[in-house]
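None of these values were measured; they are calculated from a predicted model. To find a chain, count down the sequence lines: A is the first, B the second, and so on, and within it residues start at 1.
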Amino acid sequence: MSYNFKAIETKWQANWSEQQTYRAENQSSKPKYYVLDMFPYPSGAGLHVGHPLGYIASDIVARYKRHKGFNVLHPQGYDSFGLPAEQYAIQTGQHPATTTQKNIKRYREQLDRLGFSFDWSREVRTSDPAYYKWTQWIFLLLFDHYYCLDNNKAQPISQLVRQFEESGNQAVNAVCDADTPLFSATDWKAFSVEDQQQLLLHYRLTYLAESEVNWCPALGTVLANDEIVNGVSERGGHPVTKKSMKQWSMRIGAYAERLLQGLDGIDWPDSLKEMQRNWIGKSVGANVYFDVEGHDATIEVFTTRPDTLFGVSFMTLAPELALVQEITTKAQKAEVTAYVEKTKQRSERDRQADVKSITGVFTGAFAIHPFTQEKVPIWIGDYVLAGYGTGAVMAVPCGDQRDYDFAKYFNLPIPNIFEGVDISQEAYAEKGQTPLCDSDFLNGMAYQEAMQKVIEALESSKKGKGTVTYRLRDAIFSRQRYWGEPIPVYYKNMLPFPLSIEDLPLELPEVEKYLPTAEGNPPLGNAKQWGWDLAHRKVVSSDRIDHQNVFPLELNTMPGWAGSSWYFNRYMDAKNDTSFAGEEALNYWQDVDLYLGGSEHATGHLLYSRFWQHFLFDLGLVPVSEYAKKLINQGMILGESTIAYRKTGTNTFVSKGLVNDQTVESIRVDVNLVNSSYELDIEALRQWQPQFADATFELEDGKYFVGTEVEKMSKSKYNVVNPDAICDQYGADTLRMYEMFLGPLEQAKPWNTAGISGVHSFLKKMWRLFHEGDQWRITEDDPSPEALKSLHAAIKKVTADIEQYAFNTCVSTFMICVNELSAIKCNNRAILEPLVVLLAPFAPHLAEELWEKLGHTNSVTQVAYPIHEEVYLTETVKSYPISFNGKMRFTHDFPLDMDRAAIEKEILSAPQTQKYLEGKIPKKIIVVPGKIINIVV
RNA sequence: GCUCGGAUGGUGGAAUUGGUAGACACGUUGGACUUAAAAUCCAAUGACCAUUGCGGUCGUGCGGGUUCAAGUCCCGCUCCGAGUACCA
């Protein structure tokens, strides 16, 4: 009987599904272990071989932990709201729910074929109203809270209102918009309800505000910064411009410090933590106030180097600042206005691309230095960004290269405040031990001391204060799209009011078309049923909107990251319809022990989800503030595109080796038309696309060879390899092991099937250990010491490697073990039974089959993992490699129990040693126990 | 520019963290079994020199250093990848 992987895999997949083998319980005497994959977006293209890489790794860990006695939660679901389904709907008119449903079905079939041990009873779909009800619920909670800086957590907005009623907002220490006006308790009470609502929006953790957004006219939607690559949209590559719109935002900035601190406590890759730190971009420094000569205005600048305050020779403001118009003198007015206009016209893209050229205009105004009272000219320049710090810079040309270049270009003075430093060529930006000079009370101090002294002086003279600035911007939460969660808000007098929790879910309405409306409203503007009947608390026809009893509902939907920002909690109690997850379940599962996914989510999903978790933690709704203890980024599996060369302007293809310096165009051809030695099937190419039907070919040795390029797998590059074909040919167990064998999990690697036969023949060899032809050959005899040693070496290495997620070396270890056992024709149950269990996380179908044939009725999943024992052969000698001056020369055997002195004595008298010593006397003998003996001559 | 990460045979990659570099696999070559193929098994396979045999020299991107001993640690570069950027 040969290894019939097809029959085995079908049989066990059906069995697992029937028996619900991998169902996790929310209570258990066993310790818990939660392994999570980033859930996929079910795209129309289906799975390719790159997708399962992480799933296979997490599945191995999940299965391993079950063997190790853990109650394992290993769920899977779908991030099923998203743009592709919507664009497909626009093109075809098919409802996104329909295509999503179809795609999910296909994903599920493909996933099932790979034998994953997911607990499908906990499946979630972000587009399911039973799920997004709770996404909307979290939105309402965010709306109903503000961030209190006194106790550093989110607090109910009602508490803030109480403070306003008692003493206004002067004394309130909370995160709010920079332009929040000050008011007293009396003012507050005198405000209309609308005014009060408007003011509260300055504090809410999700708020509606006029903001500059990245508007993509072609897609008719707003894009987040991370959805824009090189100034064009990530999807489709359409141009993006700036536009001011009323948008929902998330006050993630309130959590900047905690998101930064939280990184220290979690085991995530350093590179990813570094990315998040950079994204949050904390800068410590000071704000300094400069009076403007002849004006009431004060300019507030942010600087990380207040210690260089006495080196200021001019100031630069962002052209967009309103203040610029106020202070500009008559003489400079025309020039300044022209410059401001020019800046507005320059797109973000131009401004980014053109970092070299220096531009700026003098406003004619002067600021007064807070300490020296000297006049400092005020300039504007577009290298200063309105959105960062205060949009104003105190320029210290001797200490900052950009200020230096600006000063050189416009012939402004460059006073030197660094003792003994030459600044004739470039600025001195180091924060070292160099003492300051010409700096009044800071003279002689170096960076650290000066920082402290100057901030003290600024604060005591009320000329400034020590501050911390973050680069992290609040996240825009509105999308002008159909296929997303509706935002549960209605409008009364242009102001947003939340639905109540009992009204959720607010279900996505039907629309006739998925495009923006004629008036430029989002697609939900097309909905016939999108009015909110406040008295009856239900959605009614849009025609009935009268702004008295029936109000318009929000037309924007939530962005893609909303649903994925809390799904890991939902898996703990996925069926709960009275809360987002039950308290008991949350307390039992706590957090994710191992989270696997790509690093491309570093500053998107992985930051937003941490933010929501911190918020939910503040409200006491989840037990931990960081939801994933350990995170691994699996590397992408890249495709190997195959390229044919066509002589430009002809339909003649030249084989790779003949191209030389002919002018050819590179054409990607479907990888499936090329065999493993890169020879193109010419007939298949002719049939593939009509344009190649009459192509001619210049061949090498009668064959056409293609070139290759490694790049991301994508349908449009014809380099997608589908796992189904591999499963058909070799089986899921082979594919699972091969993907692990390909290389370290974290590393990006190109897909090629060159080595797959080696892994497949390993599994066949494993099968043959149990069979002799058609005969079962297992005996109950006692195993040989060699077999025991081989088994236990494998147990030790595999266990250690799984713990370190080094799955590639696990596969090698299995191969070595099976090779050794088959060489000694081992057929003992005592050896092979533990080996089956050892292999089970990697090749679960084969393991189940062999386990059953070994006479067991339970699933191998329930069996304890084998434990390593030291096995000694009846050796009495230990072979040491002997080296001279570090150079290995020969090996020598010593009795096991020989002590060091005796070893040294014996090695010196060995004839081999004499040969290498050549009569010299060794200076030193180094014996590294168990490893090596080195003789220094 | 800055911040991370990397570079090991023809190829993918190992190397217990300073101790016999190249495990395991692919590929290649030769052999066995077959009428033949497939499958399977055995042997060789870093480079160079020497081959009658023993053997020798070099070798982990480059140049230095520390050490009895360096792929691994330190200093200085080169190239590649990822992220990010007029961030004050």
Side-chain angles (χ1 to χ4, degrees), chain A residues 2 226 269-279 281-283 285 301-306 308 315-316 318 351-352 354-359 381-385 387-396 399-403 405-406 429 469-471 599-600 602-603 633 635-636 676-677 738 741-744 746-750 752-759 761-762 764-765 768 796-797 800-801 806 808-817 819 822-823 879-891 922-937:
Chain A
S2 62
D226 38 313
D270 287 336
S271 61
L272 192 136
K273 287 197 201 177
E274 195 63 25
M275 262 190 246
Q276 291 208 344
R277 283 193 191 105
N278 290 339
W279 195 259
K282 181 180 184 175
S283 310
V301 303
F302 172 71
T303 175
T304 54
R305 296 294 303 273
T308 63
M315 310 194 53
T316 318
R351 257 170 100 167
Q352 268 179 29
D354 180 25
V355 291
K356 290 259 151 51
S357 66
I358 296 163
T359 62
D382 67 2
Y383 79 92
V384 179
L385 305 174
Y388 183 76
T390 58
V393 175
M394 61 173 222
V396 182
D400 180 282
Q401 193 58 42
R402 278 172 327 227
D403 296 344
D405 296 340
F406 196 90
T469 301
Y470 299 91
R471 198 181 78 96
S599 60
E600 67 271 21
T603 54
N633 294 127
M636 210 182 330
S676 58
S677 41
Y738 183 58
F741 182 68
L742 226 40
E746 297 92 335
Q747 197 175 301
K749 51 220 158 218
N752 71 74
T753 49
I756 202 165
S757 64
V759 174
S761 54
F762 153 74
K764 285 197 278 192
K765 216 178 239 182
R768 278 203 309 275
K796 185 179 183 182
K797 183 100 172 81
D801 284 349
N808 54 331
T809 47
C810 288
V811 180
S812 295
T813 306
F814 282 122
M815 288 176 175
I816 294 167
C817 180
N819 277 339
S822 75
S879 186
Y880 269 82
I882 315 297
S883 67
F884 288 77
N885 290 337
K887 202 137 207 112
M888 224 300 275
R889 292 301 177 181
F890 60 96
T891 58
K923 287 192 189 122
K924 210 179 347 174
I925 299 176
I926 292 137
V927 182
V928 184
K931 289 193 172 162
I932 197 166
I933 296 170
N934 191 25
I935 299 165
V936 187
V937 186

Task: Atom pair OG/CZ of A:Ser761 and A:Arg768 - distance to nearest 0.5 Å - done: 8.0 Å

TODO: Please determine, for B:U40, whether a Watson-Crick or G-U wobble partner exists with both distances under 3.5 Å, and give it or none.
DONE: B:A32

Task: Base partner of B:C24, which must satisfy Watson-Crick or wobble distances under 3.5 Å - done: B:G12

TODO: Between B:U72 and B:C62, how far apart are the P atoms? Round to whole Å, please.
DONE: 11 Å

TODO: Please tell me which of A:Val393 and A:Leu272 maps to the more 5' nucleotide of RNA chain B, matching each residue to the nucleotide holding its nearest heavy atom.
DONE: A:Leu272

- [ ] Select one nucleotide: of B:G83, B:G19, B:C26, the one nearest the side-chain heavy atoms of A:Lys931.
- [x] B:G19

Task: Inter-nucleotide P distance (B:C74, B:G81), Å rounded - done: 25 Å

Open item on the list: On RNA chain B, compare the nucleotides closest to A:Ile935 and A:Ser879; which residue's is nearer the 5' end?
Closed with: A:Ser879

TODO: Just name whichever nucleotide pairs with B:C58, Watson-Crick or G-U, keeping both distances under 3.5 Å, else none.
DONE: B:G46

Task: Among B:U57, B:G19, B:A14, the one nearest A:Thr809 by side-chain distance - done: B:A14

TODO: Using the P atom on both, measure B:A15 against B:G6 and round to a whole Å.
DONE: 14 Å

TODO: Could you work out the separation of B:U34 and B:G71 based on their C1' atoms and round it to a whole Å?
DONE: 46 Å

Open item on the list: Minimum heavy-atom separation for A:Asn752 and A:Tyr738, please, with both atom names.
Closed with: O-OH, 2.6 Å

Open item on the list: Without decimals, in angstroms, what is the distance between A:Lys797 NZ and B:A14 P?
Closed with: 10 Å

Task: Presence of A:Tyr388 side-chain N/O under 4.0 Å of B:A88 phosphate oxygens OP1/OP2 - done: yes

Open item on the list: Only pairs with both distances under 3.5 Å count, Watson-Crick or wobble alike; so what is the partner of B:U17 in this structure?
Closed with: none

- [ ] Select base, sugar-phosphate, or nothing to describe what A:Asn934 touches, counting heavy atoms under 4.0 Å on all strands.
- [x] base

Task: In B:G27, glycosidic geometry as syn within 90° of 0 or anti otherwise - done: anti

TODO: Return yes when atom NZ of A:Lys796 has more than 12 non-hydrogen atoms of other residues, nucleotides or ligands closer than 6.0 Å, and no otherwise.
DONE: no

- [ ] For the residue pair A:Phe406 and A:Tyr383, categorise the inter-ring angle as parallel (less than 30°), tilted (30 to 60°) or perpendicular (more than 60°).
- [x] tilted

Task: Closest nucleotide among B:A88, B:G56, B:G13 to the A:Lys749 side chain - done: B:G13

Open item on the list: Between B:U20 and B:A25, how many Å separate the two C1' atoms, rounded to a whole number?
Closed with: 22 Å

Open item on the list: I need the single residue from A:Asn934, A:Ile933, A:Ile932 that forms a side-chain contact (heavy atoms from CB on, under 4.5 Å) with A:Val927. Which is it?
Closed with: A:Ile933

TODO: If B:C4 has a Watson-Crick or G-U wobble mate with both distances under 3.5 Å, name it; if not, just say none.
DONE: B:G81

Open item on the list: Distance check needed: B:A15 C1' versus A:Ile816 CD1, whole Å only.
Closed with: 12 Å

Open item on the list: Any base atoms under 4.0 Å from A:Pro750, or only sugar-phosphate, or nothing? Heavy atoms, all strands.
Closed with: nothing

Open item on the list: Please determine whether a side-chain nitrogen or oxygen atom of A:Gln747 lies at a distance below 4.0 Å from atom OP1 or OP2 of B:G13.
Closed with: yes

Open item on the list: Taking only the P atom of each, what is the distance from B:G63 to B:C58 in whole angstrom?
Closed with: 15 Å

Task: Derivation of the side-chain contact (heavy atoms from CB on, under 4.5 Å) call for A:Met315 and A:Val301 - done: CA-CA 9 Å; A:Met315 310 194 53; A:Val301 303; 3.3 Å; yes

Open item on the list: Does B:U17 count as syn, meaning its glycosidic angle lies within 90° of 0, or as anti?
Closed with: syn

- [ ] Considering only atom C1', compute the distance from B:G59 to B:A47 and round it to an integer number of Å.
- [x] 8 Å

Open item on the list: Using every non-hydrogen atom in the two residues, find where A:Met815 and A:Gly758 come nearest and quote the distance to one decimal.
Closed with: CE-O, 4.0 Å

TODO: Looking only at side-chain atoms of A:Pro744, point me to the closest of B:C68, B:U84, B:G13.
DONE: B:G13

Task: Sugar-phosphate only, base, or nothing, as touched by A:Ile926 at under 4.0 Å among non-hydrogen atoms - done: base

Open item on the list: Looking at A:Asn808, I'd like to know whether one of its side-chain N or O atoms comes within less than 4.0 Å of OP1 or OP2 on B:A14.
Closed with: yes

Open item on the list: I need the A:Leu272 CG to A:Glu600 CD distance, nearest 0.5 Å.
Closed with: 10.5 Å

Task: Distance, nearest 0.5 Å, that separates NZ of A:Lys923 from CD1 of A:Ile935 - done: 13.5 Å

- [ ] Would you mind classifying the nucleic acid contact of A:Phe741 as base, sugar-phosphate or nothing, using non-hydrogen atoms under 4.0 angstrom?
- [x] base

TODO: Would you mind pulling out the nucleotide paired to B:G63, Watson-Crick or G-U wobble, both distances under 3.5 Å?
DONE: B:C75

Task: From A:Cys810 atom SG to A:Asp801 atom CG, the distance as rounded to the nearest 0.5 Å - done: 4.5 Å

- [ ] Let me have a per-nucleotide readout for nucleotides 37-47 of chain B, 5' to 3', with B, S or -, counting only protein heavy atoms under 4.0 Å.
- [x] --SSS------

Open item on the list: I'd like the P distance from B:U8 over to B:C4, given in whole Å.
Closed with: 22 Å

